[in-house]
Amino acid sequence: MTLPKITKEFLRKHNIRIKKRLGQNFLIDEGILNRIVEIADLGKDDIVIEIGPGMGTLTKKLAEKAKKILAIEIDENLVKLLRETLVPFKNVEIIHADILKINLKKLVTQLPSYPVTQFKTGKLTDWRTGKLANKVKVVANLPYYITTPIIIHLLKARKTLSNIVIMVQKEVGRRMVAKPRTKDYGALSLLIQYYTKPQIAIKVPRSAFLPEPEVDSCVVDLEIREKPAVKAKDEELFFKVVRAAFEQRRKALKNALSQTRDLRLDKKKVLKILEKADIKPLRRGETLSLEEFARLSNLIAKKDVG
Ligand code: SAM
C-alpha cells in the first residue's frame with residue numbers, strides 16, 4: 001500500500017478528525033520524508049527533537065537513524081495513538097505538550113543519556129569525558145500557524161542545538177535566506193542570519209501533504225552559528241533597530257529611526273549617528289547588511305554620540 005493510502009486508512013481506522021487549527025497537514029510523500037532525514041544527517045549519537053509528530057510517519061524514520069527522539073505533540077488524541085503505535089521504537093519518547101511552553105534547554109540537559117552539567121563556558125561539556133557534548137538537532141514539519149514563535153523559541157535555546165531542519169511555507173523560507181535589496185529581505189532574514197547559516201534544502205509541493213495546504217513549502221536547514229554573524233554589543237538594541245528600520249520599509253532611515261518610540265532618538269542625533277556609521281540618511285532599512293545594522297546599533301548603544 002502507498003503512503004497516502006496508508007495515511008487515509010489510519011485516519012479512518014482510528015477515527016481521527018484532522019484539526020486545521022493545529023496546522024495538521026500530514027506528509028504523505030515517502031521521497032520527501034526520506035530527503036528530510038538525509039538533510040538532518042543523523043548519526044547514532046544524535047538526539048532529535050521533533051515538533052508535532054502527528055501520526056509518527058517522520059518520527060519512525062528519525063528513530064531508525066538517531067539515538068533518541070523527543071517528539072512533542074499537543075494533540076491528546078494523537079499522543080494516545082503514538083504511544084500505542086510507536087511501542088516498537090524504544091528510543092522514542094512522546095511528550096504531550098505545547099512546544100512553546102517547554103523549556104528546551106532543561107529538557108535536553110536533564111536527559112539521562114545526555115550528561116551535560118556545564119553551561120559556564122557557554123559550551124556544552126560531557127562531565128564524564130570533559131569533551132564537548134553532542135548538540136541536539138530539531139527536525140520537524142512545523143504547524144504553520146505558529147512558525148515564527150517556534151523559531152524564536154528554538155533560537156532562545158540555540159546553545160543546546162546544532163541544526164534546525166524544518167518544513168516551512170515557501171515564502172517564509174525565502175525570507176529566511178534573503179539578501180539586502182530584495183523584496184523578501186526583512187526582520188526575519190536578519191534574525192535567522194544573525195544566529196544561523198540558513199539554506200533552502202528542498203522545495204516541497206502542496207501535493208505532498210494530506211490535506212493539501214493552500215501554499216507550497218520548503219525544507220530549510222538552519223545551522224546554528226558558534227557565535228552570531230556580527231558583533232552587536234547590545235543584542236536587544238540591535239533587534240530594536242532592525243524592527244524600527246522595517247516597520248515602514250519604504251521610509252528613509254533618518255525618519256524610520258527617529259519616528260519610532262522604541263529607540264527614543266531625535267532626528268539630529270539620528271543624523272549624527274548615521275554619519276558616524278557611514279550610512280547615507282536617505283537609504284532604506286532594506287538596503288542595510290547585517291554588518292551595517294551592527295555598526296549602527298553599536299553607535300546608538302554608545303551613549304556619548306551626539
Ligand atoms: N509530523 C507530522 C507529519 O509530517 O505528517 C505532522 C506535521 S503537522 C504539519 C504539525 C503537527 O504539529 C500536528 O501533529 C499538530 O497537532 C502539531 N502541533 C500543532 N501545534 C503544536 C504545538 N503548539 N506544540 C506541539 N505540537 C503542535
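Small disclaimer: the values here were computed from a predicted structure and weren't measured.
In this structure, I166 CD1 and L142 CG are separated by 4.5 Å, a value rounded to the nearest 0.5 Å. For the atom pair NZ of K101 and CD1 of I74, the computed distance is 7.0 Å after rounding to the nearest 0.5 Å. Annotation: the span from K8 atom NZ to L3 atom CG amounts to 10.5 Å, rounded to 0.5 Å. One finds the CG atom of L274 at 7.5 Å from the CD1 atom of I300 (value rounded to the nearest 0.5 Å). The distance from the CG atom of L222 to the CD atom of Q193 is 10.5 Å, given to the nearest 0.5 Å. Atom NZ in K276 sits 5.5 Å away from atom NZ in K302 (nearest 0.5 Å).
Side-chain contact check for K267 and Q259: no donor-acceptor pair (N or O, by modelled atom type) lies under 3.5 Å. Checking Y195 against E223 by side-chain atom types alone, no donor-acceptor pair falls below 3.5 Å. In this model, no donor atom of one side chain and acceptor atom of the other lie less than 3.5 Å apart for T287 and Y185. There is a side-chain donor-acceptor pair under 3.5 Å between N34 and K61. For the residue pair E50 / T59, a side-chain donor-acceptor distance below 3.5 Å is found, with atom types taken as modelled.
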| said: Evaluate D216 against R206 for salt bridge (Lys or Arg N to Asp or Glu O under 4.0 Å), listing each step before the verdict. | reply: CA-CA 5 Å; D216 289 317; R206 59 194 78 187; 3.1 Å; yes
| task | Run the numbers on R175 and D184 for salt bridge (Lys or Arg N to Asp or Glu O under 4.0 Å), then give the verdict. | result | CA-CA 5 Å; R175 281 162 52 204; D184 292 321; over 6 Å; no
| message | Applying side-chain contact (heavy atoms from CB on, under 4.5 Å) to R17 and N77, what does each step give before you reach the verdict? | response | CA-CA 9 Å; R17 283 253 197 92; N77 294 334; over 6 Å; no
| message | Could you walk me through whether V48 and L70 satisfy the side-chain contact (heavy atoms from CB on, under 4.5 Å) test, starting with their C-alpha distance in whole Å, then the side-chain angles of each, then the deciding distance to 0.1 Å, before giving a yes or no? | response | CA-CA 6 Å; V48 175; L70 299 165; over 6 Å; no
| field | Working for salt bridge (Lys or Arg N to Asp or Glu O under 4.0 Å), residues E171 and R174 | value | CA-CA 5 Å; E171 289 72 17; R174 281 200 192 137; 5.0 Å; no
| request: Might you work through the salt bridge (Lys or Arg N to Asp or Glu O under 4.0 Å) test for R35 and E38, ending with a clear yes or no? | output: CA-CA 5 Å; R35 285 288 290 124; E38 268 171 39; 2.9 Å; yes
| field | Verdict with reasoning, R284 to L253, per side-chain contact (heavy atoms from CB on, under 4.5 Å) | value | CA-CA 5 Å; R284 294 175 181 152; L253 273 172; 5.9 Å; no
| request: Could you walk me through whether K203 and K170 pass the side-chain contact (heavy atoms from CB on, under 4.5 Å) test, one step at a time? | output: CA-CA 7 Å; K203 294 181 183 154; K170 185 175 78 183; 5.6 Å; no
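Side-chain contact between I6 and E9 is absent, with no heavy atoms from C-beta onward closer than 4.5 Å. Residues F293 and Y194 fail the side-chain proximity criterion, which asks for heavy atoms closer than 4.5 Å. A heavy-atom distance below 4.5 Å is found between the side chains of I51 and V138. In this structure, the side chains of C218 and I202 stay at 4.5 Å or more apart for every pair of heavy atoms. At a threshold of 4.5 Å between non-hydrogen side-chain atoms, the residues T57 and F26 do not count as touching. With a 4.5 Å cut-off on side-chain heavy atoms, Y144 and M167 count as touching. Counting heavy atoms from C-beta outward, L263 and K240 have side chains that approach closer than 4.5 Å. In this structure, the side chains of I224 and S162 stay at 4.5 Å or more apart for every pair of heavy atoms.
Counting heavy atoms of neighbouring residues, nucleotides and ligands inside a 6.0 Å radius, atom CD of E235 exceeds 12 of them.
Using modelled atom types, no side-chain atom of K156 and backbone atom of N103 make a donor-acceptor pair closer than 3.5 Å. A donor-acceptor pair is defined here as one N or O able to donate and one able to accept, closer than 3.5 Å; no such pair exists between the side chain of N163 and the backbone of V165. A side-chain donor-acceptor contact under 3.5 Å links E73 to the backbone of G54. A donor-acceptor distance shorter than 3.5 angstrom exists from the side chain of N298 to the backbone of A294, with no hydrogens or angles considered. Counting only distance, with no hydrogens or angles, the side chain of H153 and the backbone of L104 share no donor-acceptor pair below 3.5 Å.
Here the closest non-hydrogen pair linking K227 and R225 is O-CB, 3.0 Å.
Classification of E292 and R283 as a salt-bridged pair holds, one side-chain N sitting under 4.0 Å from a carboxylate O.
With sequence neighbours left out, F209 forms a ring pair (Phe, Tyr, Trp, His ring centres under 6.0 Å) with no residue at all. In this structure, the ring pair (Phe, Tyr, Trp, His ring centres under 6.0 Å) partners of H14, at least two apart in sequence or on a different chain, are F10. Partners of E291 by side-chain hydrogen bond (donor to acceptor under 3.5 Å, both in side chains), not counting sequence neighbours, listed by chain and number: S289.
For the side chain to side chain contact (heavy atoms under 4.5 Å, CB included) with L296, the lone residue among V242, D278, L237, I273 that qualifies is I273. Of the candidates I69, I72, I164, I49 forms a side chain to side chain contact (heavy atoms under 4.5 Å, CB included) with just one, namely I72.
I28 and V139 fall into different hydrophobic clusters, where Ile, Leu, Val, Met, Phe, Trp and Tyr are joined by side-chain heavy atoms under 4.5 Å apart, directly or via other members.
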